[in-house]
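Below is one structure, written out as structure tokens, with a few remarks after it.
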Protein chains: 2
Amino acid sequence: MFKKVLIVDDLMSINLGVNAMLKNGYTQNVVYAHYCDEAILKLKRAEQDGEPFDLLITDLSFKEDHREQKLKNGEDLVMTVNMTWPDLKVIVYSIEDKIQRIRRLIHQYQAKAYVCKGRYGLKELEQAVAAVNKNSTYLSPSVETAVNGQEVNEIDDFDVLLLNELALGLSQDEISKQFKEKKITPSSLSSIEKRLNKLKIQLQANNSIHLVAIAKDMGII
Amino acid sequence: MFKKVLIVDDLMSINLGVNAMLKNGYTQNVVYAHYCDEAILKLKRAEQDGEPFDLLITDLSFKEDHREQKLKNGEDLVMTVNMTWPDLKVIVYSIEDKIQRIRRLIHQYQAKAYVCKGRYGLKELEQAVAAVNKNSTYLSPSVETAVNGQEVNEIDDFDVLLLNELALGLSQDEISKQFKEKKITPSSLSSIEKRLNKLKIQLQANNSIHLVAIAKDMGII
DNA sequence: AATAATGTTACGGAAACCCGTAAGTATTTA
DNA sequence: TAAATACTTACGGGTTTCCGTAACATTATT
């Protein structure tokens, strides 16, 4: 049983199903938030009142709105939550299926479960809640192997940064200079070439354009 | 009033809300399909039985499955429907917000309405159904201006083809040769360079990598 | 401490890209 | 039909990328 559960999702229709499931044996106290910023506020308030949440279920993608939001998406939210309330258990429930992003959520931001919205989404979410309730973790079968599989990729932060700059239209020379200014190593043109070459082999890209296209498809950038 | 409505969407939870809305004054006969191929079968069957559908509401993105599907996504479905049953009215209801794709759906495949899933999605969908019922059309406010606005872009099929080949990792020279084989004009390296140059100016890209990244973000490819 | 292994930087030449100019071809307009 | 316009192709040369080789620096191993 959970004492208090916070659900963050801007699409009402989905909340309904989740709510029914939770009320059916897992908790009596379900609170909703439709924006990430709103979620943070409710978490803070609950903490101040001495009745903190012990489970957070959140989507990843939120439609933008007229209201300015500090946290633009679920990944920002999970990151912030992990830094501020490291003990709060987090389940991500999203249509998103970019492996790299899911990896980040699980390994870097300590999310306890990741469930793909889909045909069997609700059923899987129920299993996820049960698992987290028992201090275990859960991953949708469709992403399980991909996330826990041996680190075939080994794409680190530097690689991601590099790919991002490339996708922003900077030349390799410009990236080199920029890295030197920001004291990011390695920064030589040669090293950048070498790193891109490694990535091209890993991701089986013919050239830099192909590389960025693949990286975008995989959700690395 | 509609005689028969087909809803295509693999996420049950969303269908519930839509169903409630429709039954509330628009139709008595709502049928569901969870796969695009299944939708086609039901459309054919209904036609054979002399009781064809007169409204189709569909999502765009479908999770893949163990079952092999000919039509992979909603865009394929809308295209096929438009070719096979040009009189069947189509409403697209999706989280997707890539302008170029929506443009294609409306102008090329004759979809009657496009509604963004979101905070006010159900409300907007209701307006869309009402509009289509009166032989009108409907677009979510958030995409309305973008779709109907003067063709700022002017990006044609050739441009899209070109960008696609580029994103697949072909060099400009390879693309030129391929176009010559396939009798696609213009095919000279020079023309391809020129066209890419035009696109870089239009989309404000620094180089080809940047160009492909932008095109992917905009949903052009 | 010496060696090995890995990571970073440097350099040179071939290939690809970028960009301007201009000639040739097709279409439109007067 | 002739002139004007737009489109396609060709070419040259500077820039960037690509790829191999190799020197230098740092870390790990024995």
Side-chain angles (χ1 to χ4, degrees), chain A residues 150-217 220-221, chain B residues 150-217 220-221:
Chain A
Q150 305 318 313
E151 289 274 343
V152 191
N153 289 332
E154 286 287 11
I155 292 173
D156 62 23
D157 292 349
F158 183 85
D159 292 323
V160 175
L161 182 61
L162 189 51
L163 289 169
N164 264 309
E165 299 300 325
L166 210 55
L168 284 174
L170 280 79
S171 72
Q172 296 176 17
D173 198 44
E174 286 170 330
I175 295 175
S176 167
K177 281 168 186 160
Q178 199 203 302
F179 281 7
K180 274 172 185 143
E181 281 174 17
K182 294 188 182 171
K183 312 288 185 195
I184 296 171
T185 62
S187 62
S188 74
L189 179 59
S190 194
S191 290
I192 286 173
E193 284 177 356
K194 182 160 288 188
R195 196 61 87 103
L196 286 176
N197 209 43
K198 188 202 72 177
L199 285 168
K200 278 174 210 158
I201 293 168
Q202 282 180 330
L203 303 185
Q204 302 177 60
N206 296 338
N207 54 45
S208 293
I209 298 177
H210 198 189
L211 181 62
V212 169
I214 293 171
K216 274 202 168 287
D217 287 339
I220 297 174
I221 56 178
Chain B
Q150 305 318 310
E151 289 275 344
V152 191
N153 288 334
E154 286 287 10
I155 292 173
D156 62 23
D157 292 349
F158 182 86
D159 292 323
V160 175
L161 182 62
L162 189 51
L163 289 169
N164 264 309
E165 299 300 327
L166 211 54
L168 284 173
L170 294 164
S171 71
Q172 296 176 14
D173 197 45
E174 286 170 329
I175 295 174
S176 167
K177 282 168 185 158
Q178 197 203 302
F179 281 7
K180 274 172 185 143
E181 282 175 15
K182 294 188 182 171
K183 312 287 185 196
I184 296 171
T185 61
S187 62
S188 74
L189 180 59
S190 193
S191 291
I192 287 173
E193 284 177 355
K194 183 159 289 190
R195 196 61 84 104
L196 287 175
N197 209 42
K198 187 203 69 175
L199 285 169
K200 277 174 212 158
I201 292 167
Q202 282 181 328
L203 303 186
Q204 302 177 59
N206 297 339
N207 54 44
S208 293
I209 298 176
H210 198 190
L211 181 63
V212 169
I214 292 171
K216 275 203 168 285
D217 286 339
I220 297 173
I221 56 177

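Scope of the values below: all heavy atoms of this structure, side chains included, with no hydrogens, waters or symmetry mates. It should be emphasised that the depicted structure is a prediction, and the values quoted were computed from it without experimental measurement.
- Here the CD1 atom belonging to B:I175 is positioned 9.0 Å from the CG atom belonging to B:L163, to the nearest 0.5 angstrom.
- Shown here are the salt bridge (charged side-chain N to carboxylate O under 4.0 Å, His left out) partners of B:D157, two or more places apart in sequence or in another chain: there are none.
- Looking at residues two or more places apart in sequence or on another chain, you find a side-chain hydrogen bond (donor to acceptor under 3.5 Å, both in side chains) between A:D173 and A:K177.
- In this view, A:D159 and A:R195, A:K198 satisfy the side-chain hydrogen bond (donor to acceptor under 3.5 Å, both in side chains) rule, not counting sequence neighbours.
- Not counting sequence neighbours, B:K194 has no partner by the side-chain hydrogen bond (donor to acceptor under 3.5 Å, both in side chains) test.
- In this structure, A:K180 has no salt bridge (charged side-chain N to carboxylate O under 4.0 Å, His left out) partners at least two apart in sequence or on a different chain.
- A straight line from CD of B:E165 to P of C:dC17 spans 14 Å, rounded to a whole angstrom.
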Which atom pairs, one a donor and one an acceptor, fall under 3.5 Å between side chains of residues 184-193 of chain B and the rest of the protein, sequence neighbours left out?
from	atom 1	to	atom 2	distance (Å)
B:S188	OG	B:S191	N	3.0
B:S188	OG	B:S191	OG	3.1

| remark: Expected string for nucleotides 5-21 of chain D under the B/S/- scheme (protein heavy atoms, under 4.0 Å, primed atoms plus P, OP1, OP2 as sugar-phosphate) is ---SBBB-----SBB--
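- B:K216 pairs by the salt bridge (charged side-chain N to carboxylate O under 4.0 Å, His left out) definition with A:D217, not counting sequence neighbours.
- Distance CG (B:L211) to P (C:dC17): 13 Å, rounded to an integer number of Å.
- Atom CD in B:E174 sits roughly 12 Å away from atom C1' in C:dA15 (whole-Å rounding).
- Going from atom CD1 of A:I184 over to atom C1' of C:dT9 covers 17 Å, rounded to whole Å.
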| Given the rule that a pair is Watson-Crick or G-U wobble with both distances under 3.5 Å, how would you write DNA chain D in dot-bracket, using | for pairs to a different strand? | ||||||||||||||||||||||||||||||
